[in-house]
Asker: 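This is the structure I want to talk about, given as structure tokens.
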Amino acid sequence: MNEECLLRRYQALMGAVPQSVWVMSPGGVTVLSGGGIAEKLWTPGTDTSWMDAVHPKDRDWFQRAWRRATQQRSPLDTIVRVRLDGAVDRFRHVKIIAAPVVDEDGEVEFVGTATDAEEHWRSRMREKLLARMAAVPAARDLSEAFLTTAAAVVPELADAVAIFRLVDGVEAGVRPADAPAATSPERVGLAPGLPSLPPLDADFVLGPVAQRAIESQEASLLAFPPDGPPGDGLSDVSVRWLREAGATGIALVPVVVDGRTVALATIATCRGNPPPDEADLSLLQDLFQQMSGPLRRTMELQSIRGKALALQQSFLAAPPSIDGLTITALYHPADSAAEVGGDWYDAVRLSADALALSIGDIAGHDLDAAMAMARVNSILRGLAYDSGPTAGPAATLNRLDRIVQALDSPAMITAVHAVLRRRAHGGWSIALSNAGHPPPLLIPADAPSRYLHDLTAPDPPLCVTDSLTRATLYADLLEGDTLVLYTDGLVETPDTDISDSLRKLRERTDALARQSPPLRSLIRGLLPPLHHRRDDIAIIALQARPDS
């Protein structure tokens, strides 16, 4: 039997099995192929290296692996994407197993098999990405949830992910039903080397193609011609960025929660990488569908937070105007979707010459804490007004403690309650009682700041004992002096001693006070950076000034 007949039989045999067997030079040139999938991946017998057919995203690492195998004359076993024969942008994952064979002259060739691994790879990738998403609980906010998903997609499946959260104005009556969906840009994932996405103003709307995906709730693919995306169908801002990034195509995936489109994910391939195909789109849909559970929980948390904030703000009324005092107050919720609700401040004008001032914090950071805060604040406000300007703050806190314990199922409450009375010769006298709260800060006009009762431990918080005789402390507020009441979010941080935090607050206060800023600017200057705010913060401050 001649060699030609043997070769025909060998090729026929190889065509009947799922694997392809091939012989290749160390330079990557196929010198013999036994049919099967190999004939669909590259043309045997040509003088071109198979590296030219490898997916651009896989080419660098696969070249290194192949070079190491040829230099060390070691086996190679891996999965790589290879272009289908005659196709420009169609690739399949192929499992390559290659072994070196050295002939009698010491020359080496590689004999190997190529097996279609597309379904295996996608199954493993799906498991990997979905497991990554499943390990993430409800995020603190939608931006965090979207960022987690974008990080899962880049760079395995795409080069860029931009997620646009829809501003739901139809149900709220803000946006007509036939108007384009307004969007709020969320955080994105970008592969290295791509240009940053441009800032989007509040009036930005997605183009017609994206609007159709939102309305139909159906994912879609767009492959771009070599000269980039067309000028129609997409927003002008998107087209400019896609052209600058060398985008080859995009996938549009609506993010649907409980039948409502809450966001649109735009996934782009760039810089010569092939556009996403139907298999990519299917995997992306699975991934973003996995988001629906965490997103639902995140949206529920945001709804609770919004209700708690609305309730809290309704009780944090603007301080009253009183001659001889400048009063300012602020409230900042924690940088978290769930943490809001326990802090409050209040100021009640008792007469033309007297003011009741209070600040407090109820354990908990949720809607229940906000509702408890509302009850306690209302009771204290009523007690302060009913007791009048001559009542002692300690007696008022004692009454509050008894009422709350009798009528409620209270959590622990810390509070400072003070009564200020105008002095006959200018300035104000301060009487205050502290129930387990951080000490008020007094900023004299001509001296360093100091804490009231700096050497005296405060009384216990409310709702921790049935009977207690609380103390009243006294101080004076002279012209130009400032009194600051605040909640623990201003000074308490994890793994930091409270005494160190109080010292740093004094140092920061003194540095600001030397600049003689307006009272509101001084108070805002005391706030820690936004990313350090682990707890909500309430502050109320007043400054004595000459009577008008």
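Note that the structure is predicted; figures quoted are calculated from it, not measured.
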Asker: Using 0.5 Å steps for rounding, measure from the CG atom of Asn377 to the CG atom of Asp343.
Answerer: 11.5 Å
Asker: Does His437 reach the main-chain N or O of Asp488 with its side chain, forming a donor-acceptor pair under 3.5 Å?
Answerer: no
Asker: Using only atom types and a distance under 3.5 Å, with no angle test, would you say the side chain of Arg520 pairs donor to acceptor with the backbone of Ala329?
Answerer: yes
Asker: Does a side-chain heavy-atom distance below 4.5 Å link Ser358 with Trp344?
Answerer: yes
Asker: Just by distance, do the side chain of Arg450 and the backbone of Arg506 share a donor-acceptor pair under 3.5 Å?
Answerer: no
Asker: Taking Ser449's backbone N and O only, do any of them form a donor-acceptor pair with Asp510's side chain (distance below 3.5 Å, no angle check)?
Answerer: yes
Asker: Identify the two heavy atoms, one from Leu252 and one from Ile250, that lie closest to each other, and give their separation to 0.1 Å.
Answerer: CD2-CD1, 4.0 Å
Asker: Does the Arg421 side chain pair with the main chain of Pro389, one donor and one acceptor, at a distance under 3.5 Å?
Answerer: yes
Asker: Considering non-hydrogen atoms only, spot the tightest contact between Met412 and Pro461 and give its length.
Answerer: CG-CB, 3.6 Å
Asker: Tell me every residue that passes salt bridge (Lys or Arg N to Asp or Glu O under 4.0 Å) with Asp386, counting only those two or more places apart in sequence or in another chain.
Answerer: Arg399
Asker: Does the side-chain contact (heavy atoms from CB on, under 4.5 Å) test come out yes or no for Trp241 and Leu234, once each step is laid out?
Answerer: CA-CA 11 Å; Trp241 183 87; Leu234 302 172; over 6 Å; no
Asker: What residue among Ile322, Leu355, Ile430, Thr482 forms side-chain contact (heavy atoms from CB on, under 4.5 Å) with Leu542?
Answerer: Leu355
Asker: Backbone N or O of Ser429 within a donor-acceptor pair of the Arg423 side chain at under 3.5 Å?
Answerer: no
Asker: Rounded to the nearest 0.5 Å, how far does CG of Leu502 lie from CD1 of Ile498?
Answerer: 4.5 Å
Asker: Between Thr414 and Asp361, does any side-chain donor sit less than 3.5 Å from a side-chain acceptor?
Answerer: no
Asker: Do the side chains of Ser433 and Val416 get nearer than 4.5 Å, heavy atoms only?
Answerer: no
Asker: Please examine the side chains of Asp476 and Asp481, heavy atoms only from C-beta on, and report whether any two atoms are closer than 4.5 Å.
Answerer: no
Asker: Distance from His417 atom NE2 to Leu432 atom CG, nearest 0.5 Å?
Answerer: 10.0 Å
Asker: Hey, is the main chain of Pro439 close enough, under 3.5 Å, to the side chain of Tyr486 for a donor-acceptor pair?
Answerer: yes
Asker: So do Thr396 and Leu380 actually touch side chain to side chain, heavy atoms under 4.5 Å?
Answerer: yes
Asker: Is it true that Glu244 and Arg240 have a side-chain N and a carboxylate O under 4.0 angstrom from each other?
Answerer: no
Asker: Once rounded to the nearest 0.5 Å, what's the spacing between atom CZ of Arg402 and atom SG of Cys463?
Answerer: 12.5 Å
Asker: Using every non-hydrogen atom in the two residues, find where Val376 and Leu400 come nearest and quote the distance to one decimal.
Answerer: O-CD1, 4.0 Å
Asker: If only atom types and distance count, is the side chain of Asp459 paired as donor or acceptor with the main-chain N or O of Ala471 below 3.5 Å?
Answerer: yes
Asker: Donor-acceptor pair, distance only, cut-off 3.5 Å: does the side chain of Arg545 make one with the backbone of Leu325?
Answerer: yes
Asker: I would like to know whether Lys57 and Thr269 meet side-chain contact (heavy atoms from CB on, under 4.5 Å); could you show each step before the answer?
Answerer: CA-CA 11 Å; Lys57 280 182 175 290; Thr269 51; 5.6 Å; no
Asker: Would you say the side chain of Leu485 lies within less than 4.5 Å of the side chain of Pro440, judging by non-hydrogen atoms?
Answerer: yes
Asker: If you compare all heavy atoms of Ala160 against all heavy atoms of Leu194, which two are closest, and at what distance to 0.1 Å?
Answerer: CB-CD1, 4.1 Å
Asker: Between atom CG of Leu383 and atom CG of Asn398, what is the distance when rounded to the nearest 0.5 Å?
Answerer: 11.0 Å
Asker: Using every non-hydrogen atom in the two residues, find where Val154 and Leu190 come nearest and quote the distance to one decimal.
Answerer: CG1-C, 4.0 Å
Asker: Got Glu479 and Leu477 here, is their nearest side-chain heavy-atom distance under 4.5 Å?
Answerer: no
Asker: Before giving the answer on side-chain contact (heavy atoms from CB on, under 4.5 Å), spell out for Arg470 and Leu462 the whole-Å C-alpha distance, their side-chain angles and the decisive distance to 0.1 Å.
Answerer: CA-CA 10 Å; Arg470 297 185 178 276; Leu462 307 179; 3.5 Å; yes
Asker: Looking at side-chain heavy atoms only, is the closest gap between Val464 and Asp401 below 4.5 Å?
Answerer: no
Asker: Cut-off 3.5 Å, side chains only: do Thr261 and Gln217 have a donor facing an acceptor?
Answerer: yes
Asker: With a 4.5 Å limit on heavy-atom distance, are the side chains of Leu527 and Ile537 in contact?
Answerer: yes
Asker: Might you work through the side-chain contact (heavy atoms from CB on, under 4.5 Å) test for Ile539 and Tyr345, ending with a clear yes or no?
Answerer: CA-CA 7 Å; Ile539 302 177; Tyr345 61 79; over 6 Å; no
Asker: Any salt bridge linking Asp159 with Arg271? Criterion: basic side-chain nitrogen under 4.0 Å from a carboxylate oxygen.
Answerer: no
Asker: Show the nearest heavy-atom pair for residues Ala158 and Ala268, with the distance to one decimal.
Answerer: CB-O, 3.5 Å
Asker: Out of curiosity, Ser321 OG to Ile327 CD1, how far, rounded to the nearest 0.5 Å?
Answerer: 7.5 Å
